Amino acid sequence: FLQLDGWALRISLETMLQKNYGDLPLITCHPGQLNQVFMNLLVNAIDALEDYTGKRSYEELKAHPNIIQIHTSVSSNQQVTIAIQDNGPGILKILKSKLFNPFFTTKPIGKGTGLGLSICYDIITEKHGGKISCKSERGKGTTFLIELPIRKQLDSQPV
């Protein structure tokens, strides 16, 4: 839709969500904590796409709409892999090494606390014995890749 906000023309198109779920085995996990991870990553992708939308023309948005993709699979080393990818602006190389640090944020003041990705990192690595990483290229989007062991003894009972 097109909306006139004061003097600026605001253009907004829907973000498409594409799901490509593989055939996954059951894994031992804390589902509530993993849901928190997925929610943080999806909200970050939506925020990045929202900001990027304001910097693109209506024609660009029609030709290359906002897309978030979720892929799941089992890797050859017996891990469940979850990839959450957006086609947003990407993250500067210099910032990628700081993404999982507590209180680091790329968002404007008042929009983020800088705790989301730090919490994601702790949940994936410490609570589940997995890995989380970020691949990003300016102008081509960002992918967060989560790898979880299929069998892992958790510190406490799964919820």
Side-chain angles (χ1 to χ4, degrees), residues 12-53 56 60-107 111-159:
S12 178
L13 295 175
E14 291 183 13
T15 297
M16 290 189 283
L17 178 64
Q18 297 176 343
K19 299 176 276 186
N20 181 13
Y21 297 151
D23 188 20
L24 300 181
L26 293 176
I27 65 168
T28 305
C29 68
H30 296 286
Q33 291 179 356
L34 289 181
N35 281 339
Q36 183 178 4
V37 169
F38 302 143
M39 188 59 77
N40 279 336
L41 295 177
L42 288 169
V43 166
N44 283 350
I46 290 167
D47 286 348
L49 288 170
E50 242 178 41
D51 290 344
Y52 194 40
T53 296
R56 298 166 61 204
E60 286 177 294
L61 288 166
K62 275 186 81 170
H64 303 285
N66 294 336
I67 300 171
I68 296 173
Q69 297 176 326
I70 303 171
H71 300 276
T72 65
S73 62
V74 176
S75 67
S76 58
N77 57 352
Q78 291 303 297
Q79 301 224 14
V80 168
T81 303
I82 303 117
I84 298 177
Q85 177 179 8
D86 68 59
N87 66 339
I91 299 168
L92 292 171
K93 197 175 207 175
I94 193 167
L95 301 178
K96 283 190 345 185
S97 65
K98 301 175 184 180
L99 286 179
F100 299 109
N101 293 352
F103 306 109
F104 177 79
T105 183
T106 60
K107 296 179 182 179
K111 183 126 182 170
T113 63
L115 291 173
L117 290 178
S118 174
I119 290 169
C120 291
Y121 184 86
D122 289 345
I123 289 171
I124 296 301
T125 61
E126 293 177 18
K127 300 289 186 188
H128 291 86
K131 297 178 188 173
I132 183 169
S133 60
C134 174
K135 296 178 183 177
S136 186
E137 189 176 335
R138 285 303 283 174
K140 296 194 177 182
T142 300
T143 302
F144 282 90
L145 189 63
I146 298 167
E147 295 175 283
L148 298 170
I150 292 175
R151 298 280 180 238
K152 161 85 169 87
Q153 198 69 307
L154 297 175
D155 298 337
S156 60
Q157 288 293 359
V159 224

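Treat the numbers as computed from the prediction; the structure is a model and nothing was measured.
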Taking all non-hydrogen atoms of both residues into account, name the closest pair between [X] and [Y] and its distance.
X: Ala48; Y: Pro89; value: O-CD, 3.8 Å
X: Cys134; Y: Thr142; value: SG-CG2, 3.6 Å
X: Pro25; Y: Val74; value: CD-CG2, 3.5 Å
X: Ile70; Y: Leu17; value: CD1-CD1, 3.9 Å
X: Ser136; Y: Gly90; value: OG-CA, 3.2 Å

What is the distance from atom [atom1] of [X] to atom [atom2] of [Y], rounded to the nearest 0.5 Å?
X: Ile68; Y: Leu49; atom1: CD1; atom2: CG; value: 5.0 Å
X: Ile150; Y: Cys29; atom1: CD1; atom2: SG; value: 12.0 Å
X: Ile84; Y: Leu42; atom1: CD1; atom2: CG; value: 4.5 Å
X: Lys140; Y: Gln85; atom1: NZ; atom2: CD; value: 12.0 Å
X: Lys127; Y: Ile119; atom1: NZ; atom2: CD1; value: 12.0 Å
X: Asn44; Y: Cys120; atom1: CG; atom2: SG; value: 7.5 Å

When you look at [atom1] of [X], are more than 12 heavy atoms from neighbouring residues, nucleotides or ligands closer to it than 6.0 Å?
X: Leu92; atom1: CG; value: yes
X: Phe38; atom1: CZ; value: yes
X: Asp23; atom1: CG; value: no
X: Met16; atom1: CE; value: yes

> Between Phe100 and Phe144, how do the two ring planes meet: parallel, tilted or perpendicular, split at 30° and 60°?
Replying inline: perpendicular
Has the side chain of [X] got a donor or acceptor atom that lies under 3.5 Å from a matching backbone atom of [Y]?
X: His128; Y: His30; value: yes
X: Asp86; Y: Asn66; value: no
X: Thr125; Y: Lys131; value: no

>> As a quick check of understanding, evaluate side chain to side chain contact (heavy atoms under 4.5 Å, CB included) for Leu34 and Ile82, giving each step before the final call.
In response: CA-CA 11 Å; Leu34 289 181; Ile82 303 117; over 6 Å; no
Side chains of [X] and [Y]: closer than 4.5 Å at any heavy-atom pair?
X: His71; Y: Thr143; result: no
X: Gln18; Y: Ile67; result: yes
X: Thr72; Y: Val80; result: no
X: Leu117; Y: Asn101; result: no

> Got a sec, which residues hit side chain to side chain donor-acceptor pair (under 3.5 Å) with Asp47, two or more places apart in sequence or on another chain?
Replying inline: Lys107
> Which residues pass the side chain to side chain contact (heavy atoms under 4.5 Å, CB included) test with Ser75, sequence neighbours left out?
Replying inline: Asn77, Gln79, Thr81
